[in-house]
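Heads up, the thing below is written out as structure tokens.
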2 protein chains.
Amino acid sequence: MTPTHDPQLLKGVLSLLLLRLLAERESYGYEVVQRLRELGLTDISEGSVYPALARLEREGRVEARLVASRSGPARKYYRSTAAGTQALAEGTASWLSLAEVVHPVLVRRLPDPPTSTEDT
Amino acid sequence: MTPTHDPQLLKGVLSLLLLRLLAERESYGYEVVQRLRELGLTDISEGSVYPALARLEREGRVEARLVASRSGPARKYYRSTAAGTQALAEGTASWLSLAEVVHPVLVRRLPDPPTSTEDT
DNA sequence: CCGAGTACCTGGCATTGTCAAGTAGTAGGT
DNA sequence: ACCTACTACTTGACAATGCCAGGTACTCGG
């Protein structure tokens with residue numbers, strides 16, 4: 001079970017993941033959603049992914065081409081551009097450096113909270 | 001150097017950090033900002049922290065009391081409530097589980113990108 | 001003809017970090 | 001007295017972005 005997925009935590013991380021998945025291999029929106037779900041992000045909705053992909057394309061970080069399919073409507077395949085690869089590197093650095101700060105703080109032991117049945 | 005701090009990445013994480021710092025010990029806004037800066041979050045602005053603290057109070061996750069100071073205006077000390085402690089636990093779980101998904105994806109080696117000077 | 005699976009897009013909404021500006025108290029210099 | 005600087009908190013307007021709900025459209029099986 002995913003412990004109460006908080007939408008806010010995903011902010012910024014989603015585009016980073018998309019950039020990464022598309023840098024690994026060309027993919028289309030519907031498939032990207034499935035790849036994210038396989039990674040464990042079961043709560044990601046299409047309504048987040050499609051706009052995010054459109055943003056990335058508008059920003060020149062990915063480029064798209066339409067490919068007909070025999071199993072449904074045409075697919076829009078996206079793949080990373082050079083700018084996308086660079087953005088991925090920078091975004092990854094940001095994430096890692098944030099995680100390096102946040103993680104230790106969250107996992108360090110809490111000092112004993114004051115107990116009312118006990119005093120010094 | 002902080003690698004191009006992305007505001008979006010902080011979303012949701014900030015309240016989690018505040019909850020954590022206040023669970024460790026009672027603190028007031030201005031001091032919390034300093035504690036965050038010491039942790040390495042040099043770009044955090046007061047304009048983010050004060051509203052976030054107000055939110056946490058409104059949600060009942062922290063409670064506040066005013067304490068006069070001889071070095072300036074009164075300080076508003078916040079400390080975690082029981083609800084805050086629980087929210088901290090849940091939030092930490094969310095963060096850890098997200099990081100567990102994101103981290104491996106971001107650090108795994110990229111397959112060789114196709115080089116234009118070379119073909120199969 | 002209808003439902004389900006595939007595939008994409010959009011509008012409106014809520015959350016939340018940032019910037020900028022404002023209000024105030026204390027202390028020290030001139 | 002006045003000015004500056006540091007401490008300390010608050011607020012309004014703004015931008016980014018994930019989510020929900022709903023819509024369009026193609027293919028295939030009943």
Side-chain angles (χ1 to χ4, degrees), chain A residues 2 4-19 26-37 41-59 61-62 64-78 87 91 94 98 102, chain B residues 2 4-19 26-37 41-59 61-62 64-78 87 91 94 98 102:
Chain A
T2 313
T4 327
H5 165 66
D6 179 350
Q8 300 307 322
L9 288 180
L10 200 58
K11 299 245 168 163
V13 181
L14 179 59
S15 17
L16 197 51
L17 288 176
L18 296 182
L19 229 31
E26 199 181 28
S27 211
Y28 53 98
Y30 196 79
E31 189 188 38
V32 165
V33 172
Q34 294 173 332
R35 288 171 74 187
L36 288 172
R37 298 236 163 97
L41 272 8
T42 50
D43 297 330
I44 270 48
S45 58
E46 298 181 12
S48 305
V49 173
Y50 286 115
L53 287 172
R55 271 199 305 276
L56 289 174
E57 187 183 11
R58 205 168 52 237
E59 296 161 351
R61 299 181 189 332
V62 300
R65 66 194 175 97
L66 278 177
V67 178
S69 161
R70 277 174 310 165
S71 64
R75 298 165 173 172
K76 197 163 176 182
Y77 279 87
Y78 293 92
S94 292
L98 178 65
V102 173
Chain B
T2 312
T4 327
H5 164 64
D6 179 351
Q8 301 306 323
L9 287 180
L10 200 58
K11 298 244 168 162
V13 181
L14 179 59
S15 17
L16 196 52
L17 287 176
L18 296 182
L19 230 31
E26 198 181 31
S27 212
Y28 54 98
Y30 196 78
E31 190 188 37
V32 165
V33 172
Q34 293 172 333
R35 287 171 75 188
L36 288 172
R37 298 239 163 95
L41 271 10
T42 49
D43 297 330
I44 270 48
S45 56
E46 299 181 13
S48 305
V49 172
Y50 287 114
L53 286 172
R55 271 200 305 276
L56 288 175
E57 187 183 11
R58 205 168 53 239
E59 296 162 351
R61 300 184 192 323
V62 301
R65 65 194 176 96
L66 277 176
V67 177
S69 162
R70 278 175 309 165
S71 64
R75 298 166 173 172
K76 196 161 176 184
Y77 278 87
Y78 293 93
S94 292
L98 178 64
V102 173

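Chain letters run A, B, ... following the sequence lines, proteins first and then strands; every chain starts at 1.
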Roughly how many Å is it from NZ in B:Lys11 to C1' in D:dC19, rounded to a whole number? 14 Å
Is it the case that the side chain of A:Tyr30 and the backbone of A:Lys76 share a donor-acceptor pair, with hydrogens and angles ignored and the cut-off at 3.5 Å? no
NA contact type, B:Ser45, heavy-atom cut-off 4.0 Å: base, sugar-phosphate, or nothing? sugar-phosphate
If you check every side-chain atom of B:Pro51, which of D:dT11, C:dA14, C:dG17 has the closest atom? D:dT11
Using a cut-off of 4.0 Å between protein heavy atoms and nucleotide atoms, how would you tag nucleotides 3-9 of chain D 5' to 3' with B, S and -? ----BBB
Under 4.5 Å between any side-chain heavy atoms of A:Leu53 and A:Val62, yes or no? no
One thing to verify: whether A:Arg75 and A:Glu31 come together as a salt bridge, which I'm taking to mean a side-chain N less than 4.0 angstrom from a carboxylate O. no
In whole angstrom, give the distance that lies between atom CD of A:Glu57 and atom P of C:dT10. 11 Å
Please check the phosphate of C:dT18 (OP1 and OP2 only) for any side-chain N or O of B:His5 closer than 4.0 Å. yes
Separation of D:dA16 P from A:Arg55 CZ (nearest whole Å): 10 Å
Counting only side-chain nitrogens and oxygens, does B:Arg70 get under 4.0 Å of the OP1 or OP2 atom of C:dG25? no
In whole angstroms, the gap separating P of D:dT17 from CD1 of A:Ile44 amounts to 15 Å
Measure across B:Ala64 and B:Glu57 and return the closest heavy-atom pair with its distance rounded to 0.1 Å. CB-OE2, 3.6 Å
Whole-Å gap separating P (D:dT10) and CG (B:Leu53): 9 Å
Qualifying residues under salt bridge (Lys or Arg N to Asp or Glu O under 4.0 Å), relative to A:Arg35, sequence neighbours excluded: A:Glu24
A:Asp43 has an atom CG; how far is it from atom P of D:dT17, in whole Å? 21 Å
How far apart are the C-alpha atoms of A:Leu36 and A:Leu14, what are their side-chain angles, what is the distance that settles it, and do they pass the side chain to side chain contact (heavy atoms under 4.5 Å, CB included) test? CA-CA 10 Å; A:Leu36 288 172; A:Leu14 179 59; 4.0 Å; yes
Atom-to-atom span, CG of A:Leu14 to C1' of D:dC19 - whole angstrom: 11 Å
Within the 4.5 Å heavy-atom criterion, are B:Leu10 and B:Ile44 side-chain neighbours or not? yes
Find the distance A:Leu18:CG to C:dC8:P and express it as a whole number of Å. 13 Å
